[in-house]
Amino acid sequence: MATRKDSAWGNPVVYLGALMLIGVMLGPVLYIIIGGFRTNSQITTDPAGLPDPWVAGNYTDVLTGSVFWRQVGNSTIAAVATTIGVVVLGVMASFVLARYRFRGRGAMYALFAAGLMFPATVAITPLYILVKNLGLVNTLPGVILPQIAFGLPTTIIILVPFLRAIPREIEEAAAIDRCSRLGFFWRIVLPLSVPGLITTGILAFVNSWNSYLLPLFILNNQDSFTLPLGVQAFSSQYSVDTAKVLAFTSLSMIPALLFFSLFERRIVGGLTGAVKG
């Protein structure tokens, strides 16, 4: 029989399991970050030990170099452009699917839903041929445009319930006030769908920032490398300097981790609103 203390604080087994799961998830991240403060000799002598002494030179070498910041810039440009494209095109397509009745609407929505089950790895070869024929190989647009296409299914699936949940009475009142459908979209639909827009924008940004396979096929010039490709290239170049590779890897993870942590509640709130809608 559960005691009063157990009922107030919950089952200790659940907390223990949650702590173990958190440890398993954060353990590799902490190892990489702390490993950047060690020397190669320390890692060789005691791979699981703490830095003794702590060495910040690996991080300063990466931060003072131009390679890391150039790749951060490339990743930022690709992620921001992808986010803007996904949100803008997604909300426009979602508005049509949610508020208009036309033949083939269900089939179109099902087509976007099927896109969630279509991984990029399946289409990577024909996609590369298409990008090559367009002359976009070794350019950021060659990465941004496919990322927008692959980000639209998730965006539409999230936004359609938001836009569909807007009462028809509001649209009718706007029409009585001589507000056009475009004006209704700009003045009423967009403000009401801000939670969904933020959620889809964050998801698109994080997915673009962490994308590896698509840039690997499209980008061959190191000057246009995004950060995930930069980590792989840096690891190959400094394969004997494990400590510096760990420092570069940890610095590459921090932006995405911070961004996702700061906007985690926005993501959950947006998804909850989509489910309710």
*Asks:* Quick check: closest heavy atoms across A243 and N40, and the distance to 0.1 Å?
*Replies:*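 Smallest interatomic distance, heavy atoms only, reads N-OD1, 3.0 Å.
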
*Asks:* With distance as the sole test, does T226 use its side chain to make a donor-acceptor pair with the main-chain N or O of N74 at under 3.5 Å?
*Replies:*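 No.
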
*Asks:* Please give me the minimum heavy-atom distance between R99 and I166, naming the atom from each residue.
*Replies:* NH1-O, 2.7 Å

*Asks:* Would you compute the distance between atom CD of Q71 and atom CG of D223 and round it to the nearest 0.5 angstrom?
*Replies:* 9.5 Å

*Asks:* Could you tell me the separation between the CG atom of L246 and the CD1 atom of I43, rounded to the nearest 0.5 Å?
*Replies:* 5.0 Å

*Asks:* Group every Ile, Leu, Val, Met, Phe, Trp and Tyr by side-chain heavy-atom contacts under 4.5 Å, then state whether Y212 and I124 land in the same group.
*Replies:* yes

*Asks:* Identify which one of T45, T44, T242, D46 satisfies the side-chain contact (heavy atoms from CB on, under 4.5 Å) criterion when paired with R38.
*Replies:* D46

*Asks:* Taking the side chain as every heavy atom from C-beta outward, state whether I32 and M253 have any atom pair closer than 4.5 Å.
*Replies:*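 Counting from C-beta outward, I32 and M253 do come under 4.5 Å.
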
*Asks:* Give a yes or no answer on whether the side chain of S236 reaches the backbone of Q232 with a donor-acceptor pair at less than 3.5 Å.
*Replies:*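 Checking the backbone N and O of Q232 against the side chain of S236, a donor-acceptor pair under 3.5 Å is found.
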
*Asks:* Output yes when a side-chain donor or acceptor of N221 lies under 3.5 Å from a complementary backbone atom of N138, and no otherwise.
*Replies:* no

*Asks:* Find the distance between CG (L130) and CG (L134) and round it off to the nearest 0.5 Å.
*Replies:* 4.5 Å

*Asks:* What distance do L152 atom CG and L159 atom CG have between them, rounded to the nearest 0.5 Å?
*Replies:* 10.0 Å

*Asks:* Do you know which two heavy atoms are closest between L229 and P215, and how far apart they sit?
*Replies:*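 Shortest heavy-atom contact: CD1-O, 3.3 Å.
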
*Asks:* Please answer whether the main-chain N or O of S224 pairs with a side-chain N or O of R70 as donor and acceptor at a distance below 3.5 Å.
*Replies:*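 Checked: no pair found.
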
*Asks:* Between L16 and L26, is there shared hydrophobic-cluster membership here, with clusters defined by ILVMFWY side-chain heavy atoms closer than 4.5 Å?
*Replies:* no

*Asks:* Other residues, nucleotides and ligands only: do more than 12 of their heavy atoms fall within 6.0 Å of CZ on R168?
*Replies:* yes

*Asks:* Would you check if the side chain of S208 reaches a backbone N or O of F205 as a donor-acceptor pair within less than 3.5 Å?
*Replies:* no

*Asks:* F217 and side-chain contact (heavy atoms from CB on, under 4.5 Å): which single residue from L214, L219, L213 fits?
*Replies:*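 Answer to the side-chain contact (heavy atoms from CB on, under 4.5 Å) test with F217 among L214, L219, L213: L213.
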
*Asks:* Distance-only, no hydrogens or angles: does the T139 side chain make a donor-acceptor pair with backbone N or O of L136 under 3.5 Å?
*Replies:* yes

*Asks:* Under the 3.5 angstrom rule, does the side chain of S193 hit a backbone N or O of G196 as a donor-acceptor pair?
*Replies:* no

*Asks:* Mind listing the closest non-hydrogen atom pair of S211 and P228 along with its distance?
*Replies:* O-CG, 3.3 Å

*Asks:* Would you compute the distance between atom CG of L227 and atom OG of S252 and round it to the nearest 0.5 angstrom?
*Replies:*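 Between atom CG of L227 and atom OG of S252 there are 3.5 Å.
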
*Asks:* Do other residues, nucleotides or ligands put more than 12 heavy atoms under 6.0 Å from R187 CZ?
*Replies:* no

*Asks:* What's the shortest heavy-atom distance between I156 and G90, and which atoms?
*Replies:*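 Heavy atoms only, the tightest pair is CG1-O, 4.1 Å.
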
*Asks:* Are the side chain of T82 and the backbone of A79 linked by a donor-acceptor contact shorter than 3.5 Å?
*Replies:* no

*Asks:* Is the side chain of E171 donor-acceptor paired with the backbone N or O of F184 at a distance under 3.5 Å, no angle test?
*Replies:*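 Between the backbone of F184 and the side chain of E171 there is no qualifying donor-acceptor contact (under 3.5 Å).
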
*Asks:* Which pair of heavy atoms, one from A81 and one from I144, lies closest together, and at what distance?
*Replies:* CB-CD1, 3.6 Å

*Asks:* Looking only at the aromatic ring of each residue, does the gap between the centers of F95 and Y100 stay below 6.0 angstrom?
*Replies:* yes

*Asks:* State the OH-CG distance between Y59 and L251, to the nearest 0.5 angstrom.
*Replies:*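 The distance works out to 6.0 Å.
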
